[in-house]
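Residues take their numbers from the sequence shown, with the count starting at 1. As the structure is a computational prediction, the values presented were derived from the model and not from experiment. Values reported hereafter were calculated over all heavy atoms of this structure, with side chains retained and with hydrogens, waters and symmetry mates removed. Both counts, for ligands and for their atoms, begin at 1 and track the order of listing.
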Amino acid sequence: MTPDKRGQPGGAEVRLENVSFSYGETKLAFDIAFQASRITAVMGPSGSGKSTLLNLVAGFEMPDAGRVLIGGRDVSDMPPSARPVSMVFQENNLFAHLSVEDNVGLGRSPALRLDAADRDAVAEALRHTGLSGKERRLPRELSGGERQRVALARVLVRDRPVLLLDEPFASLGPALREDMLGLVTMVQTERDMTVLFVTHQPEDARRIAQDVVFLDDGRIAAHGDAEGFFTETGPEAFLRYIGRYPADGASRDIARKRT
Ligand code: ADP
Ligand code: MG
């Protein structure tokens with residue numbers, strides 16, 4: 001989806017078609033489609049390729065072979081700035097020398113040439129993310145949670161159909177994380193975005209994701225709807241990863257026998 005087609009309803013499917021990628025000896029291979037307008041939790045052990053998967057979609061990494069399609073369009077040769085994607089990282093999403101307002105405004109215009117409509121959009125996004133009154137602050141004058149709110153406000157004004165979240169709340173405490181998950185759901189619903197959300201927290205996935213993809217050793221080990229993943233009949237490797245295999249009752253019995 002090109003910027004001139006922004007605002008189309010229905011989000012955009014994200015597809016990695018026979019994509020292969022390597023860092024020297026480390027080989028990764030992805031062949032997967034993420035349905036439009038759904039939240040997919042991307043899970044898997046450290047080093048399994050979660051960030052690389054997102055970076056291939058964002059254009060920070062280029063496939064050695066295969067194609068990346070967004071909304072049916074081949075974006076494989078497009079630089080990150082031209083892709084219909086927003087990305088939020090665990091930290092360092094903001095420019096330290098720019099105010100909250102300007103950091104959000106960048107989502108509208110990289111040169112911060114903002115017209116009245118842009119300024120309205122920025123003010124509205126700040127209101128939506130609970131940042132009104134903090135427009136003039138610098139990132140260092142905010143809490144970690146507030147900084148991530150600024151990043152989400154920028155996602156709102158950028159208004160791209162795909163949102164990539166790479167462990168955005170990993171350094172926040174549980175209560176704050178809960179608030180932020182609510183905010184992600186709000187942003188996703190409001191803009192009907194296709195969201196890939198990397199998290200280590202099974203409860204985050206259960207709370208907001210419709211789908212789960214489980215990566216292992218640079219490959220897609222399992223992919224399906226979240227409900228199926230968290231039952232006793234979910235993918236075994238995934239249940240082992242979250243410490244639920246053998247199924248709950250059985251593991252409690254085993255634990256009891258051991259003590
Ligand atoms: P995850 O996000 O799941 O922890 P990554 O996608 O960051 O995993 O990494 C996947 C694999 O690629 C790992 O084996 C990691 O060591 C390797 N890797 C990641 N980034 C680089 C890099 N810049 N140079 C070399 N190897 C890398
Ligand atoms: Mg990572």
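Between Arg108 and Arg158, every side-chain heavy-atom pair lies at or beyond the 4.5 Å cut-off.
Residues Ile70 and Phe34 are members of one and the same hydrophobic cluster, defined by side-chain heavy-atom contacts under 4.5 angstrom among Ile, Leu, Val, Met, Phe, Trp and Tyr. A continuous path of Ile, Leu, Val, Met, Phe, Trp and Tyr side chains, each step under 4.5 Å between heavy atoms, connects Val75 with Ile32, placing both in one hydrophobic cluster.
Between the Thr231 side chain and the Gly228 main chain, a donor and an acceptor come within less than 3.5 Å of each other. Looking at Gln210, its side chain does come within 3.5 Å of a backbone N or O of Ile39 through a donor-acceptor pair. Judged by distance alone, the side chain of Arg244 and the main-chain N or O of Leu239 form no donor-acceptor pair under 3.5 Å. Here the side chain of Asp64 pairs a donor or acceptor atom with the backbone of Ser22 at under 3.5 angstrom.
The residue from Thr194, Asp192, Thr189 that alone fulfils the side chain to side chain donor-acceptor pair (under 3.5 Å) condition with Ser37 is Asp192.
Enumerated by chain and number, the residues approaching ligand 1 to less than 4.0 Å through a heavy atom are Tyr23, Thr26, Pro45, Ser46, Gly47, Ser48, Gly49, Lys50, Ser51, Thr52.
Using a 30° and 60° split on the angle between ring planes, Phe238 and Tyr241 fall in the tilted class, from 30° to 60°.
Residue-and-atom listing of protein N/O/S atoms under 2.8 Å from the Mg ion (ligand 2), sorted by chain and number: Ser51 OG.
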